[in-house]
Protein chains: 2
Amino acid sequence: MRSRSDVLETAILGLLKDSPLHGYELRKRLNLVLGSFRALSYGSLYPALKTLVTRGLIIGTESSEAPSAALAPALSGRRSRIVYELTAEGKEHLQQILAQAGPAAWEDENFDVRFALFGQTDVETRLRILEGRRTRLTERLEAVRESTTRSRARMDEYTWELQRHGLEQVEREVRWLDGLITAERDRGARPTGSANDHPVSRHHTTADGDRRPGTER
Amino acid sequence: MRSRSDVLETAILGLLKDSPLHGYELRKRLNLVLGSFRALSYGSLYPALKTLVTRGLIIGTESSEAPSAALAPALSGRRSRIVYELTAEGKEHLQQILAQAGPAAWEDENFDVRFALFGQTDVETRLRILEGRRTRLTERLEAVRESTTRSRARMDEYTWELQRHGLEQVEREVRWLDGLITAERDRGARPTGSANDHPVSRHHTTADGDRRPGTER
DNA sequence: GTTTTCATGTAACCCGTTACATGATTCA
DNA sequence: TGAATCATGTAACGGGTTACATGAAAAC
């Protein structure tokens with residue numbers, strides 16, 4: 001029964017893991033990841049949240065006031081909004097999803113979200129997903145190249161150019177993956193990396209201790 | 001009433017303009033263009049053909065035998081199939097579509113198909129579409145860059161990397177368009193060019209310089 | 001005081017895929 | 001003889017968007 005697309009579900013759970021959020025804010029973050037630039041509509045988001053609640057993976061608490069916020073000034077009586085956070089089952093479910101390293105993880109629809117959640121995924125899984133995706137893309141490349149050469153004659157210049165450019169983009173994607181893969185291998189080799197590029201600004205306010213080994217940087 | 005996506009419709013008409021085809025063959029050609037590598041299902045194609053027929057834009061003729069084929073050997077009694085071709089109204093309608101050079105032509109959903117049909121489009125229209133698309137993409141680039149820099153702090157490294165890579169791909173797309181645009185301008189300048197050349201003969205290897213200041217680091 | 005942004009939600013619709021049904025023809 | 005490919009089609013479903021409805025708070 002479970003086998004749908006689930007991109008949204010994964011993305012929501014993944015984001016809520018870091019910090020509880022309300023729908024409106026959630027959407028903004030979602031748009032940064034989910035299909036890089038496009039806007040997800042509320043018509044999708046709110047129903048999705050609803051079903052996640054009924055499935056017991058998240059709970060929503062109405063809060064008109066910031067519960068314990070003493071840091072940021074000038075936000076007193078905001079409009080009542082529903083802040084969602086993961087339940088225990090939700091966390092478990094997310095871990096289960098993040099542990100999956102099969103084809104589903106590297107297909108077009110899911111890859112981006114899974115990648116965005118690599119921070120919560122252990123190195124071996126990351127590597128398997130990256131490699132899976134790489135193979136997937138090269139396979140596709142091969143298939144297209146083959147069918148292209150066969151029908152090249154019947155193609156006019158513009159169709160051909162479009163095709164060529166598409167292939168080029170995918171090739172570049174493969175090279176991108178190559179870079180990521182070697183980087184991950186390095187990481188695995190010397191686990192306590194000192195060569196961090198930017199501060200990752202860890203401030204997850206929730207008191208949890210279930211960070212899995214190999215997960216963290 | 002007419003205002004839907006129409007990608008499929010345009011693609012079908014565009015392909016049939018070149019040569020009459022039956023559904024099965026049509027699909028194969030369609031897949032080369034429409035969303036570069038993905039397979040369009042018959043569940044979409046056949047109904048689409050049906051409505052095009054009822055709208056009088058194409059007609060389908062059942063033909064179990066090759067009508068005038070004397071060139072290729074060994075294809076005698078193929079199974080009865082329906083070969084579709086454009087009607088007069090169909091041709092007119094297609095011309096009308098191909099003349100459109102507004103936003104609709106360069107949006108994500110339509111651009112590829114319109115580009116693939118550039119062979120049936122005049123130079124000025126081609127240029128306007130390419131330029132429109134270019135502007136569209138740079139606008140988007142700008143928007144993403146801006147929203148990115150604002151929320152960069154809250155992004156972990158993987159989300160950031162995904163974002164970065166996405167931007168890079170779009171940047172590359174813009175450069176691709178640049179090449180096409182100058183090629184078209186050349187074409188306009190000396191209309192009867194030498195026969196052999198591709199739309200983009202020059203592929204400038206340098207990742208040259210329109211990096212805008214203030215973007216990052 | 002009005003417009004913009006924040007905030008939540010529902011109903012209708014659109015465009016596609018999957019799964020199903022059917023059958024002829026070619027190839028191993 | 002049985003599998004793969006050619007060939008056409010329909011019904012159910014899926015996952016999203018648009019448009020609509022509502023209203024409070026902030027900015028101008």
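To find a chain, count down the sequence lines: A is the first, B the second, and so on, and within it residues start at 1.
Taking atom CG of A:L40 as the reference point, atom P of C:dA7 lies 17 Å away to the nearest angstrom. If you take OH of A:Y24 and P of C:dC6, they are 4 Å apart, rounded to a whole angstrom. The distance from atom CZ of A:R27 to atom P of D:dT17 is 9 Å, rounded to the nearest whole Å. Atom-to-atom, OH of B:Y42 to P of D:dA12 comes out at 23 Å; the value is rounded to the nearest Å. Atom CD in A:E62 sits about 13 Å away from atom P in D:dA24, given to the nearest Å. In this structure, B:K50 atom NZ and D:dA11 atom P are separated by 8 Å, rounded to whole Å. In this structure, B:E107 atom CD and C:dC15 atom C1' are separated by 17 Å, rounded to whole Å. The interatomic distance linking B:Y46 (OH) with C:dT22 (P) rounds to 17 Å, in whole Å.
Between B:K28 and B:L49, the residue anchored nearer the 5' end of DNA chain D, judged by the nucleotide with its closest heavy atom, is B:K28.
Within the helix from C:dG1-D:dC28 to C:dA28-D:dT1, the inter-axis angle between the opening and closing five-pair segments is 40°, rounded to 10°.
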**OP:** Go through A:R133 and A:D108 one step at a time and tell me if the side-chain contact (heavy atoms from CB on, under 4.5 Å) criterion holds.
**Re:** CA-CA 9 Å; A:R133 176 112 188 118; A:D108 290 334; 3.2 Å; yes
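Within the 4.0 Å cut-off from OP1 or OP2 of C:dG16, not a single side-chain nitrogen or oxygen of B:S44 is found.
The side chain of B:L8 sits closest to C:dG16 out of C:dG16, C:dT8, C:dC6. Here the side chain of B:H22 is nearest to one of D:dT17, D:dT8, C:dA7, namely D:dT8.
Between A:Y24 and A:R81, the side chains place no donor N or O within less than 3.5 Å of an acceptor N or O (distance only, hydrogens not considered).
Relative to the six-membered ring of A:W106, A:R114 misses at least one condition, a distance below 6.0 Å or an angle of at most 45° to the axis.
Put simply, the side chain of B:E139 reaches to within 4.5 Å of the side chain of B:T135, judged on heavy atoms.
Under the 4.0 Å criterion applied to side-chain N and carboxylate O atoms, A:R128 and A:E131 are not assigned as salt-bridge partners.
Checked against the 6.0 Å centroid criterion, the rings of A:W176 and A:F115 qualify as a close aromatic pair.
Just one residue in the list B:V123, B:L127, B:I129 forms a side-chain contact (heavy atoms from CB on, under 4.5 Å) with B:T125, and that residue is B:I129.
Nucleic acid contact for A:G43: base, since at least one base atom lies under 4.0 Å from a heavy atom of the residue.
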